[in-house]
Amino acid sequence: MSGFLAGLCVAVLPLLAAGFWLGRRTARPENLGGLGTPVEHATFETLHTASLAAPPLRAGLTGETARKSARRLRTLLGTAALCLTDQDTVLAWDGLGEHHRTEIMERLGSPLETGRGEAFRLKCDEPDCSLRWAVVAPLTVDDRVHGALVACAPRESAVLVRAAGEVARWVSVQLELADLDQSRTRLIEAEIKALRAQISPHFIFNSLAVIASFVRTDPERARELLLEFADFTRYSFRRHGDFTTLADELHAIDHYLALVRARFGDRLSVTLQIAPEVLPVALPFLCLQPLVENAVKHGLEGKTDKSHISITAQDAGAEALVVIEDNGTGMDPDRLRRILAGEVSPSGGIGLSNVDDRLRQVYGDEYGLVIETAVGAGMKITARLPKYQPGVHSAGPLPRE
C-alpha cells in the first residue's frame, strides 16, 4: 500500500508540472470560464484530460486501451503525434506521420531493454511530413518494461523530453493499478479454488457414506439425498461469475444442511429467519456456506448432546446483516485472531480466514467478519453485505442442464 501511495504522489506532481507547461503554451486570457488565471485554467484542463485517459489504462496495455487513451495523452503533451507500444509492436498511433511506425519500433531496442528514455532524429522522405524528432519514454511496472510512450514533434525540445517522461510515469502508475486489479482477481479465484479443495474431500466422503447407508434400507431417501448432493456440488463447482445472490447461497446451504441432518439425525436443529427483501443482494460466491460448515463442525463434532444453529439475514438499510450462530465448543479468541491473521493453520476453523479475506478485498477492511466466541460458549459470526457495491454483480442463476 505504501508503494501505491508513493506512486500516486509521483503521478500527481508531474501532472501539475505538465499542466503548467501546457498552460504556458496554450492558455489565453479570454474564455476562462471563471477558473482564474491562465495557468490555473490550463492545470484544470490537464487534470481533466488525464482523468479521461486513465480509465482505459486501468484495463492494462492492449491495442484497444492504447487506442482509447492515445489521443488524450497527445493532448496532455501538445505534440503533433504520439504512439504507445508494447515490446513488439505499435499498439496505437494518434496524429501525423503514421508511416514512421516501423522506424520507431526499430529504434526502441535500447529503451525497452534498459528502461531509460531516449530522443532521436527521425528519417523521412515524405515532403509533407513535418515530424523530425521523437522522444521515447519507457512504460514500466515493478521494474519491468511493458512498452513505451513515443512523442513526435517537428523539432528538438528539452521541455518535451521532460514532459514525455513525466506523462509516461503517470501512465506506468495506471498500468501498475491495472496489474494490482488483475492480481486481486487472480487471488480471489485462487482462494475460491482453495476453499473448494478444503471443503470437498471431507464433505464428499461423508455425504456419499450417508447416502450409501440408505440405499438398501430406504431407497427413496437415498435418491433424495443424492439429488441434494448433486445440486450442492454443482453449485459449489460452478465456473461462471465471482458473485452470487444471497438467495442462491442460502439455497446451496439448504442442500448442505439436508445432507448434514441425514448424517447426524436429531442431534442437529437449524433455525432460519430470512428477510425476503435481502434475497437479491449480491455477495462473493461461496461466502456463507463455509461459515455454516464451521458452525456444524464446532456445534457437533466432539459433542454428544444436541446442537443448534441459527441463520438470520436481516435488512439493515443500505446493508444486509447475516448472522450465523451455534451453541458448540467455541474457540479461544486468541487462536481465532491468529487464524484470521494467517499466523496458524485454520484446521480449527474451516474457511473463516478465506471468507474474511475475500469480504475485505471486495468491500473494504470495515466489512471483515465480526466473530464472538469463547471456549465452551459457541460462536456467533456476523457478516455485513452492502446492497450496492460497484463491480459486485451476480452472474445470475445457475443454468440448468
Peer 1: Is the shortest side-chain heavy-atom distance between Phe232 and Leu257 below 4.5 Å?
Peer 2: no
Peer 1: For Tyr363 and Leu385, which heavy atoms make the closest approach, and how far apart are they?
Peer 2: CE1-CD2, 4.1 Å
Peer 1: Nearest 0.5 Å, please: how far is NE2 in His99 from SG in Cys124?
Peer 2: 3.5 Å
Peer 1: Is the backbone N or O of Gly60 less than 3.5 Å from a side-chain atom of Thr65, with the two atoms forming a donor-acceptor pair by type?
Peer 2: yes
Peer 1: Tell me if the CZ atom of Arg162 is crowded by more than 12 foreign heavy atoms within 6.0 Å.
Peer 2: no
Peer 1: Supply the atom-to-atom distance Arg107 CZ to Arg121 CZ, rounded to the nearest 0.5 angstrom.
Peer 2: 11.0 Å
Peer 1: So, do Val323 and Gln314 sit near enough that their side-chain heavy atoms are less than 4.5 Å apart?
Peer 2: no
Peer 1: Can Asp357 and Arg360 be counted as an ion pair, charged N to O under 4.0 angstrom?
Peer 2: no
Peer 1: So that I can tick it off, tell me whether Glu166 and Arg169 are bridged by a salt bridge, with the cut-off set at under 4.0 angstrom between side-chain N and carboxylate O.
Peer 2: yes
Peer 1: For residues Leu359 and Cys287, determine if any side-chain heavy atom of one lies less than 4.5 Å from a side-chain heavy atom of the other.
Peer 2: yes
Peer 1: Evaluate His100 against Val150 for side-chain contact (heavy atoms from CB on, under 4.5 Å), listing each step before the verdict.
Peer 2: CA-CA 11 Å; His100 286 288; Val150 183; over 6 Å; no
Peer 1: Considering all heavy atoms of both residues, which atom of Glu293 and which atom of Tyr256 are nearest to each other, and what is their separation?
Peer 2: CG-OH, 3.2 Å
Peer 1: Before giving the answer on side-chain contact (heavy atoms from CB on, under 4.5 Å), spell out for Leu149 and Leu77 the whole-Å C-alpha distance, their side-chain angles and the decisive distance to 0.1 Å.
Peer 2: CA-CA 11 Å; Leu149 178 150; Leu77 291 172; 4.0 Å; yes
Peer 1: Which pair of non-hydrogen atoms, one from Ala262 and one from Phe214, has the smallest distance, and what is that distance?
Peer 2: O-CE1, 4.2 Å
Peer 1: Show the nearest heavy-atom pair for residues Gly317 and Asp315, with the distance to one decimal.
Peer 2: N-OD1, 3.3 Å
Peer 1: Near Glu98 CD, under 6.0 Å, is it more than 12 heavy atoms from other residues, nucleotides or ligands?
Peer 2: yes
Peer 1: If you count every heavy atom of other residues, nucleotides or ligands that lies below 6.0 Å from Arg144 atom CZ, does the total exceed 12?
Peer 2: yes
Peer 1: With side-chain contact (heavy atoms from CB on, under 4.5 Å) as the test, would you mind laying out the steps for Cys152 and Ile104 before giving the verdict?
Peer 2: CA-CA 10 Å; Cys152 302; Ile104 284 176; 3.8 Å; yes
Peer 1: So, Glu103 side chain and Lys123 main chain: donor-acceptor pair closer than 3.5 Å or not?
Peer 2: yes
Peer 1: What distance do Thr102 atom OG1 and Met105 atom CE have between them, rounded to the nearest 0.5 Å?
Peer 2: 9.5 Å
Peer 1: Taking atom CD of Gln289 and atom NE2 of His251, what is their separation to the nearest 0.5 Å?
Peer 2: 14.0 Å
Peer 1: Are the side chains of Leu112 and Pro138 in touch, meaning some heavy atoms are under 4.5 Å apart?
Peer 2: no
Peer 1: Could you tell me which non-hydrogen atom of Ser172 sits nearest to which non-hydrogen atom of Val141, and how far apart they are?
Peer 2: O-CG2, 4.0 Å
Peer 1: Between Ile381 and Leu352, does the side-chain contact (heavy atoms from CB on, under 4.5 Å) criterion hold? Intermediate values first, please.
Peer 2: CA-CA 10 Å; Ile381 304 176; Leu352 288 182; 3.6 Å; yes
Peer 1: Could you check Ile311, Ile253, Thr244 and say which one makes a side-chain contact (heavy atoms from CB on, under 4.5 Å) with Leu288?
Peer 2: Ile253
Peer 1: Considering residues, nucleotides and ligands other than Arg71, do more than 12 of their heavy atoms fall under 6.0 Å from its CZ?
Peer 2: no
Peer 1: Return the minimal non-hydrogen interatomic distance between Arg74 and Thr79, and the atom names on each side.
Peer 2: NH1-O, 3.1 Å
Peer 1: Which of these passes side-chain contact (heavy atoms from CB on, under 4.5 Å) with Asp356: Ile371, Leu291, Leu369?
Peer 2: Leu369
Peer 1: Could you state the interatomic distance from NZ (Lys387) to CG (Leu246), rounded to the nearest 0.5 Å?
Peer 2: 11.0 Å
